[in-house]
Colleague: 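The following block contains the structure, expressed as structure tokens.
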Amino acid sequence: MPGCGSGHEARYLAEQGFQHVTVIDIAPLAVEKMRENLSEYQQVTIIEGDFFAHTGEYDLILEQTFFCALDSDLRTKYVQKMSELLAKNGKLAGLLFGVQFPKNPPFGGSREEYLGLFSEQFEIKVLEPCYNSVKPREGNELFFVFVVRKSVPCN
Ligand SMILES: C[S@@+](CC[C@H](N)C(=O)[O-])C[C@H]1O[C@@H](n2cnc3c(N)ncnc32)[C@H](O)[C@@H]1O
């Protein structure tokens with residue numbers, strides 16, 4: 001999970017039985033908080049660093065209010081980096097705002113915009129209104145599951 005903030009979702013994943021969870025955040029204070037909040041979960045690796053400089057290979061990456069925190073000129077870079085970090089058939093899933101906001105951030109967007117951004121490098125499995133958003137975000141979020149398009153190089 002990039003831009004994991006306080007790490008609530010990482011705790012949830014660990015409690016659901018995920019054995020290898022990695023979180024990364026660029027803000028030292030957020031990382032310090034995560035280290036406190038997640039100290040009992042050995043299956044969670046906490047990294048302080050820049051998502052865009054991170055290397056690794058993941059089966060699943062979760063998006064939760066990280067994309068919307070980034071300046072919109074970083075969106076293409078985000079899509080490219082996600083594609084690089086995912087293993088073959090890897091999934092990027094989570095929530096994106098489906099509305100624009102008068103005052104930024106968060107930076108919003110639309111279904112059409114996301115289709116334009118992601119379709120070349122990802123197969124769009126699901127991109128639909130979220131039915132179980134938290135109350136303050138009700139009607140404003142899209143739930144999505146995108147599978148990376150990646151071919152294995154032939155020898
Ligand atoms: C809106 S917060 C979301 C926190 C968390 N996902 C949540 O829902 O509580 C965005 C987070 O992204 C982090 N962030 C912003 N740019 C980043 C980058 N380039 N690499 C890693 N983390 C970054 C910020 O430090 C912040 O904690």
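Throughout, residue positions are numbered sequentially from 1 according to the sequence presented. When a ligand or atom number is given, it counts from 1 through the structure's own listing order.
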Colleague: Okay, side chain of K125, backbone of K91: is any donor-acceptor separation there less than 3.5 Å?
Modeller: no
Colleague: Please report which non-hydrogen protein atom sits nearest to atom 20 (N) of ligand 1, along with the residue it belongs to and the distance in Å to one decimal place.
Modeller: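 The closest one turns out to be F51 N, 2.9 Å.
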Colleague: Test your reading of the structure: does G3 have an N or O sitting under 3.5 Å from an N or O of ligand 1?
Modeller: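 In this structure, G3 places an N or O atom under 3.5 Å from an N or O of ligand 1.
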Colleague: Using a 4.0 Å cutoff against the non-hydrogen atoms of A27, which atoms of ligand 1 qualify?
Modeller: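 Close to A27: 25 (O).
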Colleague: Distance to 0.1 Å, residue and atom name: give those for the protein heavy atom nearest to atom 15 (C) of ligand 1.
Modeller: F66 CE1, 3.9 Å
Colleague: Is there a nitrogen or oxygen of L70 sitting under 3.5 Å from a nitrogen or oxygen of ligand 1?
Modeller: no
Colleague: Check each heavy atom of C4 against ligand 1 and say whether those closer than 4.0 Å belong to the side chain, the backbone, both or neither.
Modeller: backbone
Colleague: Among all protein heavy atoms, pick out the one at the shortest distance from atom 10 (C) of ligand 1; state its residue, atom name and that distance to 0.1 Å.
Modeller: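 Protein heavy atom at minimum distance: T65 O, 3.6 Å.
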Colleague: Looking only at protein heavy atoms, which one is nearest to atom 6 (N) of ligand 1, and what is the separation?
Modeller: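 I find the closest protein heavy atom is Q64 O, 2.6 Å.
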Colleague: Evaluate the criterion ring pair (Phe, Tyr, Trp, His ring centres under 6.0 Å) for residue pair F144 and F67; output intermediate values, then yes/no.
Modeller: CA-CA 13 Å; F144 74 92; F67 180 89; 8.4 Å; no
Colleague: Please report the shortest heavy-atom distance between A93 and L60, naming the atom on each side.
Modeller: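 Closest approach of A93 to L60, heavy atoms only: CB-CD1, 4.3 Å.
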Colleague: Is a side-chain donor or acceptor of E113 paired with a backbone partner of G116 at a separation under 3.5 angstrom?
Modeller: no
Colleague: Specify the protein heavy atom at minimum distance from atom 18 (C) of ligand 1: its residue, its atom name, and the distance to 0.1 Å.
Modeller: D50 OD1, 3.6 Å
Colleague: For G5, take its heavy atoms, then give the atoms of ligand 1 lying under 4.0 Å from any of them.
Modeller: 4 (C), 5 (C), 27 (O)
Colleague: Would you say S6 has any N or O atom under 3.5 Å from an N or O of ligand 1, going by distance alone?
Modeller: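 No: no nitrogen or oxygen of S6 is under 3.5 Å from one in ligand 1.
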Colleague: Is the shortest distance from a Lys or Arg side-chain nitrogen in E84 or K81 to a carboxylate oxygen in the other one below 4.0 Å?
Modeller: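 Answer for the salt bridge query: yes.
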Colleague: Would you say F51 and L85 make side-chain contact, with heavy atoms under 4.5 Å?
Modeller: yes
Colleague: Determine, for E32 against R35, whether the closest basic-nitrogen to carboxylate-oxygen distance falls under 4.0 angstrom.
Modeller: no
Colleague: Which atoms from ligand 1 have a heavy atom of G49 less than 4.0 Å away?
Modeller: 20 (N), 21 (C)
Colleague: Go through the steps to decide whether Q121 and F146 satisfy the test side chain to side chain contact (heavy atoms under 4.5 Å, CB included), and finish with yes or no.
Modeller: CA-CA 9 Å; Q121 297 191 63; F146 301 160; over 6 Å; no
Colleague: Mark yes when over 12 heavy atoms from residues, nucleotides or ligands other than Q16 sit less than 6.0 Å from its CD; otherwise mark no.
Modeller: yes
Colleague: For atom 26 (C) of ligand 1, what's the nearest protein heavy-atom neighbour? Residue, atom name and distance, please.
Modeller: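 Of every protein heavy atom, D25 OD2, 3.5 Å lies nearest to atom 26 (C) of ligand 1.
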Colleague: Give me the nearest non-hydrogen protein atom to atom 22 (N) of ligand 1 as residue plus atom name, then the distance to 0.1 Å.
Modeller: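 Going by distance alone, atom 22 (N) of ligand 1 is nearest to I26 N, 3.2 Å.
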